[in-house]
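Predicted, not measured: the structure shown is a model, and the values here were computed from it. Chain identifiers are assigned alphabetically (A, B, ...) following the order of the sequence lines, protein sequences preceding nucleic acid strands; residue numbering begins at 1 within each chain.
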There are 2 protein chains.
Amino acid sequence: MDWPAEEFRFHHLGIAVPSIDTALPIYRNLFGYELDSGPFSDPIQRVTVCFLKRPADPVVLELIAPDKDDSPIRLVLRRGGGAYHTCYEVRDLARAMEHCVAIGCLVVNEPAPALAFNNRRIAWLNTPSRQLLELVEAASDDR
Amino acid sequence: MDWPAEEFRFHHLGIAVPSIDTALPIYRNLFGYELDSGPFSDPIQRVTVCFLKRPADPVVLELIAPDKDDSPIRLVLRRGGGAYHTCYEVRDLARAMEHCVAIGCLVVNEPAPALAFNNRRIAWLNTPSRQLLELVEAASDDR
């Protein structure tokens, strides 16, 4: 492995929900999660997303809900919904993608700016063991 | 909410894979995860599981692969596989389940001992927003 593993910083777990409005109070009342940012409506991904955090828990959750009838997240919801993608933050998106592809990942979506990340670029891949993977480039002052 | 949210400690993210043997090197080479415990073959759940960790990353991953042809995880794999359940550790499993049910969760599996947790009991629920949820009771010296 010629790419240092610590370059992949676990960023969030993505969870498909039918509606942000109905899911938010469930996560708040069940586990004490609070809205950290969003909801953001993303015209490229055709989804609405928000990020949840709670005290003393390092795992950030992203809730993703369909925006439109043809929103790609509907496929995930038809398969049952819930947790479905993991996201890692990287300083060098191009090199990280090269590393992933060398290990057998397939590129699902090439890098594109994402509203929920202040237009930082994200890319989507599938691992050989069938994990949908999001990579987000670090903010420029953190690269 | 009459149940303190901090009672739910994020324990791991469960990821369905076709085979532990082929998935392990992928997670090692992609991200630097190392085997923390297992693989355990669980006759009740009819799956083989193992836990992965990596330095400076608080998120533990559980890989789950089918043991038998009728292993229930095959349904998750047929739907695409990958991340599918979240697990929280609780000190009082009965009270935690009562709290979840009061908020609208459905019990999928009543508490049963799990080999991968040294026979600590686990239970499975579905949240109203369709997240498959595992609860594991804390070790007796941690309750």
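The shortest distance between side-chain heavy atoms of B:Leu30 and A:Cys100 falls below 4.5 Å. Using a 4.5 Å cut-off on side-chain heavy atoms (C-beta onward), A:Ile26 and B:Gln131 make no contact.
Between chain B and the residues A:Ala102, A:Gly14, A:Gly80, the most heavy-atom pairs under 4.5 angstrom are made by A:Gly80. For chain A, the option among B:Arg79, B:Glu6, B:Glu7 with the highest count of heavy-atom pairs below 4.5 Å is B:Arg79.
The closest donor-acceptor contact from the side chain of B:His85 to the backbone of A:Ala83 lies at 3.5 Å or more, if one exists at all. At least one donor-acceptor pair under 3.5 Å links the side chain of B:Arg130 to the backbone N or O of A:Leu77.
Linking ILVMFWY side-chain heavy atoms closer than 4.5 Å, directly or via other members, places A:Tyr27 and B:Leu106 in two distinct hydrophobic clusters.
Among the residues in residues 15-22 of chain B, those with a non-hydrogen atom closer than 4.5 angstrom to a non-hydrogen atom of chain A are B:Ile15, B:Ala16, B:Val17, B:Pro18.
Of all non-hydrogen atoms in B:Asp57 and A:Phe10, the two that sit nearest each other are OD2-CB, 3.7 Å. Scanning both residues, B:Ile103 and A:Asn29, for their nearest heavy atoms gives CD1-O, 3.2 Å.
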Please output the side-chain donor-acceptor pairs of residues 31-39 of chain B that fall under 3.5 Å, not counting sequence neighbours, one pair per line with the distance.
unit_1, atom_1, unit_2, atom_2, d
B:Tyr33, OH, A:Tyr88, OH, 2.5
B:Glu34, OE1, B:Arg28, NE, 3.2

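Contacts of A:Asp70 classified as side chain to side chain contact (heavy atoms under 4.5 Å, CB included), with partners at least two apart in sequence or in another chain: A:Arg46, A:Lys68.
Residue B:Ile64 belongs to a hydrophobic cluster whose other members are B:Phe40, B:Val47, B:Val49, B:Phe51, B:Val60, B:Ile73, B:Val76, B:Tyr84, B:Val108, B:Leu115, B:Phe117, B:Ile122, B:Trp124, B:Leu132, B:Val136, with links defined by side-chain heavy atoms closer than 4.5 Å.
Counting non-hydrogen atoms of neighbouring residues, nucleotides and ligands closer than 6.0 angstrom, the CG atom of A:Asn119 exceeds 12 such neighbours.
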